[in-house]
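What follows is a single structure, written as structure tokens, with notes after it.
Throughout, numbering of the chain's residues begins at 1 and tracks the sequence.
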Amino acid sequence: MDNTIANKVTHAVYHKQQRVIFIMGEIKREKLVRGGIFILAAAFVYLGFRFVLPVVLPFCIGWFLAVKMRRTTRWLKKHVRIPEAVSAGVLLTLEAAAAGIVLYSLGGKLIWQIRILSERLPDLLKGMETGRWKFHILIGI
């Protein structure tokens with residue numbers, strides 16, 4: 001009689017262990033699947049930025065500019081009676097000129113800051129090596 005109770009208890013414990021092992025296997029499998037999906041997603045994002053973006057980006061920029069100019073070109077066509085193609089060309093030229101002026105003015109400041117950084121870089125690196133950061137060198141006091 002004790003033998004059958006012991007067998008039942010042993011059998012129940014064995015099945016409980018098997019269930020725990022099965023659940024652990026499912027958890028490991030689920031983690032592997034999630035990890036695989038993450039790796040695939042990262043690969044697709046990388047490949048998208050590497051190969052697809054250079055092809056698609058000019059079209060996206062063109063679409064953005066066309067949508068942005070659409071309202072103005074319609075207004076010019078309706079009120080001033082300028083054809084949409086002409087007004088779009090003029091607006092595009094004005095936007096390109098404005099972007100050029102902004103880039104030129106920012107480019108000068110950027111070159112100036114790069115020159116200052118190149119002058120101060122040796123002192124900054126010395127400070128990093130010795131462990132003494134000279135904050136006044138970084139901000140230019």
Side-chain angles (χ1 to χ4, degrees), residues 2-141:
D2 290 328
N3 194 13
T4 57
I5 294 174
N7 283 340
K8 287 181 181 179
V9 170
T10 305
H11 187 68
V13 169
Y14 175 76
H15 282 295
K16 189 172 184 179
Q17 287 174 348
Q18 288 296 340
R19 191 176 318 137
V20 169
I21 290 171
F22 178 72
I23 291 171
M24 291 299 290
E26 287 292 319
I27 291 172
K28 287 180 183 178
R29 188 175 302 125
E30 184 178 329
K31 284 183 179 181
L32 285 175
V33 168
R34 284 185 183 177
I37 290 172
F38 178 77
I39 289 172
L40 282 175
F44 279 125
V45 168
Y46 171 76
L47 292 174
F49 279 119
R50 175 93 173 154
F51 298 110
V52 177
L53 191 64
V55 175
V56 175
L57 190 61
F59 293 103
C60 292
I61 292 171
W63 175 78
F64 173 74
L65 290 175
V67 168
K68 192 173 116 180
M69 291 188 305
R70 184 73 175 159
R71 188 172 179 188
T72 309
T73 56
R74 283 186 176 174
W75 186 87
L76 287 173
K77 181 181 180 183
K78 184 177 179 181
H79 295 289
V80 188
R81 299 192 188 269
I82 297 176
E84 285 188 41
V86 173
S87 61
V90 170
L91 286 173
L92 191 60
T93 304
L94 289 174
E95 288 178 357
I101 289 170
V102 167
L103 288 176
Y104 178 75
S105 64
L106 291 178
K109 289 182 181 179
L110 181 65
I111 290 173
W112 177 75
Q113 288 195 0
I114 289 173
R115 184 181 57 83
I116 289 176
L117 178 66
S118 66
E119 291 172 359
R120 295 181 180 170
L121 192 61
D123 293 332
L124 289 171
L125 291 175
K126 281 182 190 175
M128 287 174 63
E129 287 175 0
T130 60
R132 296 182 193 164
W133 280 83
K134 296 180 180 177
F135 189 70
H136 65 279
I137 292 174
L138 188 61
I139 60 173
I141 296 175

(request) Identify the residue among Leu92, Thr93, Leu94 that makes a side chain to side chain contact (heavy atoms under 4.5 Å, CB included) with Val90. (result)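 The residue from Leu92, Thr93, Leu94 that satisfies side chain to side chain contact (heavy atoms under 4.5 Å, CB included) with Val90 turns out to be Leu94.
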(message) Show the nearest heavy-atom pair for residues Leu91 and Met69, with the distance to one decimal.
(response) CB-SD, 3.6 Å
(message) Tell me the closest heavy-atom pair linking Leu53 and Pro58, and the distance in Å.
(response) O-CD, 4.5 Å
(message) Could you measure the distance from the CG atom of Leu117 to the CG atom of Leu110? Nearest 0.5 Å is fine.
(response)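 CG of Leu110 is found 10.5 Å from CG of Leu117.
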(message) Within this structure, what is the OG-CZ distance for the pair Ser87 and Arg81, rounded to the nearest 0.5 Å?
(response)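 Rounded to the nearest 0.5 Å, the OG-CZ separation comes to 14.0 Å.
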(message) Check this for me: Arg115, atom CZ, are more than 12 non-hydrogen atoms of other residues, nucleotides or ligands nearer than 6.0 Å?
(response)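 Buried by this count: over 12 neighbours within 6.0 Å.
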